[in-house]
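Following: one structure in structure tokens, then a few remarks.
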Amino acid sequence: MSEEWVENARMIVESARAIVPADGSLERVRKVRFEGPGYDRAVMQEAGELGLFLMRVEEEAGGLGLGMRETCELARVLGRGLLPEPVLAAIMAGAMLQGSMPEEAMTGAQVITWAWQDALGSLGWKGGADGGRIKGTKQAVQGAAGADLFAVLTDQGVALLPRDAVTLQTAESLDGGQLCTISFDSEAEILPCPTAQSVLEDATLAHSAYLLGLSERALEITLEYLRVRKQFDRPIGSFQSLQHRATEMKVSLELSRAAIFATARRFDTGADALTRARGAARVKLRAAELAMHVSREAIQMHGAMGITDEADIGLFVRKAMSEANLFGSPRLLRARLAELLDEGDAA
Amino acid sequence: MTDLPDFNAMTDADFRALARDFVETNYPDIPRYTLGRLHWDEVKPWYLVLSEHGWICPTWPREHGGMGLTAGKHLILIEEFERYGAARVNDIGPVMLGPLLLKYGTEAQKAEFLPKILSGEHVWAQGYSEPGAGSDLAAVRCEAVLEGGDWVINGQKTWCTLGMDANWIFILARTDKTVKKQAGISFLLVPMDAPGVTTRNIENLEREAEFCEVFFDDVRVPADHIVGGVNEGWTAAKALLGHERVFIGAPRLSAAAMTRLKRIALRAGVWHDPVFRDRYVALQCDVADLGDLFETYVDKLRGGQTIGADVAMLKIFQSELYQRISELMMEVAGEEAGLAQAPEGDRQLHAAATWLSARPTTIFGGSTEIMRNMLAKAILELPS
Ligand SMILES: Cc1cc2nc3c(=O)[nH]c(=O)nc-3n(C[C@H](O)[C@H](O)[C@H](O)COP(=O)(O)OP(=O)(O)OC[C@H]3O[C@@H](n4cnc5c(N)ncnc54)[C@H](O)[C@@H]3O)c2cc1C
């Protein structure tokens with residue numbers, strides 16, 4: 001008898017098949033990169049119509065009230081398909097706004113994202129809100145280049161800004177998307193958001209699950225290559241040095257998977273603040289290292305084929321490079337864990 | 001060039017000063033410190049300047065138009081050019097084909113091809129690899145059949161670096177299918193404009209067309225476009241182990257990357273972070289130790305000794321060290337690690353460019369896996 005979340009996750013993933021093809025085709029992913037915002041707004045609309053953005057909105061507020069395990073399972077599947085759309089960002093916007101999530105954002109008629117990070121290389125946000133105004137800058141805003149609405153986090157709560165209230169600065173990222181900075185200085189209603197910190201931790205976890213999915217698929221593609229590519233009249237996967245290294249990737253992958261879903265369970269069943277903070281950092285640290293580890297090995301094991309843009313494995317590598325350091329690089333996360341080392345630790 | 005000074009008679013210091021002055025004076029108005037390779041139309045002015053001064057083929061004997069440099073002097077030249085950030089010219093002719101022709105070519109071939117490499121009239125590509133023959137190079141299938149005084153070539157080559165810029169290509173072709181793989185291969189010279197030659201560019205991970213595929217469809221070349229005898233191609237290609245292969249293990253690439261890493265760390269505000277320093281210092285020791293190991297090989301060359309198969313250790317350590325440095329760069333660069341373009345247009349700060357450019361170094365010129373296999377067998381004498 002499986003737990004309830006497993007069934008929920010299965011249903012969510014089933015419906016997400018509309019936007020992430022089960023056959024693993026990356027044709028669409030290839031087409032939208034380095035074009036416009038780097039993703040397809042129509043796919044965001046589809047995701048909205050599937051109800052995905054309601055996952056983390058409570059049932060009382062008209063949402064689905066699903067947990068982090070379901071969210072991570074969805075994120076993993078999105079990562080397998082390298083989905084470029086900011087679906088997770090829209091889910092997090094919903095988590096912050098709850099009942100105040102505008103109808104057109106829920107349905108995906110308008111693309112919503114969230115903005116939290118004050119400065120690159122750091123993990124927080126400070127002021128910005130003063131009376132009825134918000135003023136400031138947010139970094140690495142996912143999907144911002146094609147967004148209509150921005151849920152902006154301040155220490156007073158969250159403000160919902162329309163596109164024309166923000167100035168957008170973009171820089172092309174390796175995966176063909178955009179790394180965006182937004183600046184704003186406008187009147188806005190600040191809605192209280194007592195769960196802001198936990199939304200960031202949830203987002204970190206979901207992002208880790210995306211990296212897990214990406215790594216999982218990249219490993220599968222590499223294993224397939226090891227089986228079919230022949231040199232010296234043998235599949236290269238028969239060479240023991242490659243077998244051992246493939247095994248190492250599998251070990252990292254399963255460590256990451258276990259850590260993500262165990263942490264998601266802790267989040268779902270009410271973990272204290274310290275457990276949450278540590279969990280999010282640890283899981284993200286592992287996932288980022290996993291994604292880069294698999295990327296390095298995948299290229300190497302593909303030989304010159306791995307150096308080409310036309311081989312699909314490169315799409316995974318570029319995505320890993322673009323996203324591994326979002327929500328904190330491994331260096332930053334280890335520093336964060338070091339800060340937390342003595343906290344709440346009587347022993 | 002008849003009026004070249006006797007470089008080898010100069011002291012190292014004098015030669016270094018000369019090389020430095022040469023590059024500073026003569027380097028044309030083209031990019032410096034590029035991570036990737038420049039195409040022929042960009043790098044041609046530099047090639048021609050080197051050619052005019054008789055500096056394009058440093059290792060060739062002087063009677064064939066080279067500088068006749070010893071390995072030690074050649075190293076100095078490379079160091080000074082790299083210090084200045086001079087772009088690497090398309091050097092497949094000067095570095096690979098020239099020495100091979102000098103050793104195995106007929107007098108007629110030397111007279112025909114060497115001057116055209118020197119002048120830049122012929123730009124060469126290397127056509128060894130095929131879709132089915134990478135690490136297992138002896139498995140080449142591209143076929144050449146002697147027919148009415150011509151070699152008729154059918155098949156495909158791939159991963160030809162800067163092949164789109166070349167007007168000639170040398171290939172390893174199968175000329176006997178009935179014998180052991182290595183014994184049925186010949187080395188052929190083929191003009192790229194011969195009827196039946198077509199190419200297709202391949203974009204690399206940085207989305208630049210740096211290599212290409214070359215297809216041969218009933219391509220005819222005269223019978224004398226073979227180097228080293230029929231079915232002797234494998235021997236010729238394998239014997240092409242000039243002292244250049246030592247330089248692939250030089251610590252310069254890594255040392256330069258350490259400077260970039262420092263700048264990235266400064267930008268990220270972690271240069272004084274003890275955790276970062278711990279890792280930086282460990283890498284710095286690796287670079288220094290590699291430098292010392294490299295020097296032992298250079299000393300051998302200076303002393304006129306030949307370099308054995310063990311030199312592969314240098315390539316393994318250097319290429320993997322370069323990769324490890326690039327990995328720390330990526331971590332330290334934080335969110336900016338994911339940028340497609342250099343932050344603030346400064347290539348030095350672009351962690352991803354180093355990371356990507358470091359990848360092929362463990363694949364081409366013998367992958368690290370193949371080198372390790374070879375070392376285990378040839379040097380450690382482990383059983384197979
Ligand atoms: C940037 C670049 C430029 C190049 N330029 C040229 C060029 O100008 N001309 C040219 O002819 N070629 C060129 N090459 C091709 C290069 O020589 C080949 O990539 C190389 O020989 C490896 O072959 P492969 O790519 O087919 O990989 P494969 O041989 O298919 O190897 C795939 C993986 O399997 C591993 N492997 C294979 N055999 C073994 C084994 N026995 N034990 C353990 N592991 C093994 C490899 O190490 C690698 O990790 C270039 C390659 C690159 C990347």
Side-chain angles (χ1 to χ4, degrees), chain A residues 33-34 117 119-122 139-140 171-179 229-234 236 239 241-242 245 288-289 292-293 295-296 299-311 313-314 317-335 338, chain B residues 129 131-139 158-159 181 202-211 265 267-270 273 275-276 279 323-324 326-328 330-344 351-353 355-356 358-360 362-364 367-370 372-373 376:
Chain A
R33 65 187 192 142
F34 302 109
Q117 192 173 12
L120 295 180
S122 70
Q139 306 284 344
E172 217 168 57
S173 54
L174 282 163
D175 61 349
Q178 308 271 356
L179 188 70
R229 171 67 173 167
K230 282 195 173 158
Q231 287 289 274
F232 306 101
D233 304 317
R234 295 162 60 175
I236 57 173
F239 298 124
S241 60
L242 300 189
R245 279 158 45 202
E289 291 189 332
M292 293 309 290
H293 172 193
S295 294
R296 292 192 300 272
I299 294 184
Q300 183 68 19
M301 293 184 184
H302 276 78
M305 192 58 89
I307 305 293
T308 66
D309 188 55
E310 55 201 68
I313 195 66
V317 172
R318 288 177 152 262
K319 181 63 100 181
M321 293 174 79
S322 305
E323 307 240 332
N325 290 341
L326 302 184
F327 301 95
S329 68
R331 189 199 61 75
L332 191 66
L333 294 168
R334 279 193 296 268
Chain B
S129 306
S135 298
D136 184 12
L137 183 57
T158 191
W159 317 126
K181 296 193 284 193
I202 306 173
E203 282 190 7
N204 64 15
L205 263 187
E206 295 169 81
R207 302 175 72 233
E208 285 156 11
E210 226 178 61
F211 40 33
R267 178 175 169 87
V270 302
D273 172 21
V275 178
F276 170 78
R279 297 175 71 186
Q323 292 184 343
R324 285 186 286 127
S326 79
E327 282 146 30
L328 184 53
M330 285 296 285
E331 233 188 274
V332 168
E335 294 86 348
E336 287 188 344
L339 290 177
Q341 313 294 334
E344 296 175 22
W355 193 93
L356 287 170
R359 295 303 114 192
T362 50
I363 296 171
F364 60 56
S367 73
T368 42
E369 288 79 13
I370 295 298
R372 285 195 162 96
N373 288 348

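Hydrogens, waters and symmetry mates play no part in the numbers below; they use all other heavy atoms, side chains included. Just so we're on the same page: letters track the sequence lines, and every chain starts at 1.
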field: Shortest non-hydrogen contact from Pro131(B) toward Arg229(A)
entry: O-NH1, 2.5 Å
task: Could you tell me whether a side-chain N or O of Glu331(B) sits under 3.5 Å from a main-chain N or O of Arg331(A), the two making a donor and an acceptor?
output: yes
field: Contacting moiety of Arg318(A), where chain B heavy atoms sit under 4.5 Å
entry: side chain
Chain B contact via Ile299(A) - which portion, at a heavy-atom distance below 4.5 Å: both
- line: For His293(A), the ring-ring contact (aromatic ring centres under 6.0 Å, His included) test, sequence neighbours excluded, returns none
- prompt: Tell me, side chain or backbone of Phe211(B) under 4.5 Å from chain A's heavy atoms, or both, or neither?
  reply: side chain
- prompt: Between Leu174(A) and Ala352(B), what is the shortest heavy-atom contact and its length?
  reply: CD1-CB, 3.5 Å
task: Please step through side chain to side chain contact (heavy atoms under 4.5 Å, CB included) for the pair Glu369(B) and Phe239(A), ending with a clear verdict.
output: CA-CA 10 Å; Glu369(B) 288 79 13; Phe239(A) 298 124; over 6 Å; no
field: Heavy-atom donor-acceptor pair, Glu335(B) side chain to Gly121(A) backbone, under 3.5 Å
entry: yes
field: Contact leader toward chain B among Gln178(A), Glu323(A), Arg334(A), where contacts are heavy-atom pairs under 4.5 Å
entry: Arg334(A)
field: Heavy-atom contact with chain B under 4.5 Å, split by part of Phe327(A)
entry: neither
query: What's the verdict on side chain to side chain contact (heavy atoms under 4.5 Å, CB included) for Glu327(B) and Met292(A), showing C-alpha distance, side-chain angles and the deciding distance?
result: CA-CA 9 Å; Glu327(B) 282 146 30; Met292(A) 293 309 290; over 6 Å; no
- prompt: Of the listed residues (Pro343(B), Ala138(B), Gly132(B)), which shares the most heavy-atom pairs with chain A below a 4.5 Å separation?
  reply: Gly132(B)
task: Identify which part of Ala139(B) has an atom lying under 4.5 Å from any heavy atom of chain A, answering side chain, backbone, both or neither.
output: neither
message: With a 4.5 angstrom heavy-atom cut-off, is it the side chain or the backbone of Glu208(B) that approaches chain A, or both, or neither?
response: neither
message: Using side-chain heavy atoms (C-beta onward) and a distance below 4.5 Å, is Glu203(B) in contact with Glu310(A)?
response: no
message: Under 4.5 Å from any heavy atom of chain B, what part of Leu242(A) do you find: side chain, backbone, both or neither?
response: side chain
- line: Those residues at least two apart in sequence (or on a different chain) that pass salt bridge (Lys or Arg N to Asp or Glu O under 4.0 Å) with Arg372(B) are Glu320(B)
task: Check each atom of Ala358(B) against the heavy atoms of chain A and say whether the ones under 4.5 Å are side chain, backbone, both or neither.
output: neither
- line: Between Phe232(A) and Ser135(B) the two heavy atoms that sit nearest each other are CZ-O, 3.5 Å
- line: Taking every heavy atom of Ile363(B) against every heavy atom of Ala304(A), the minimum-distance pair comes out as CG2-N, 3.6 Å
message: Determine whether a donor-acceptor pair (N or O, by modelled atom type, separation under 3.5 Å) exists between the side chain of Asp136(B) and the backbone of Gln231(A).
response: no
Which atoms of Arg234(A) approach chain B - backbone, side chain, both or neither, heavy atom under 4.5 Å: neither
- prompt: Is there a donor-acceptor pair under 3.5 Å between the side chain of Asn325(A) and the backbone N or O of Glu336(B)?
  reply: no
- prompt: Side chain, backbone, both or neither: which part of Gln139(A) has a non-hydrogen atom closer than 4.5 Å to chain B?
  reply: neither
task: Of all the heavy-atom pairs spanning Trp159(B) and Thr308(A), show the shortest one and how long it is.
output: CZ3-CG2, 3.3 Å
message: Looking at every heavy atom in both Ser329(A) and Gly334(B), which two are closest together, and how far apart are they?
response: CB-CA, 4.4 Å
task: Select one option (side chain, backbone, both, neither) describing which atoms of Thr368(B) are under 4.5 Å from chain A's heavy atoms.
output: both
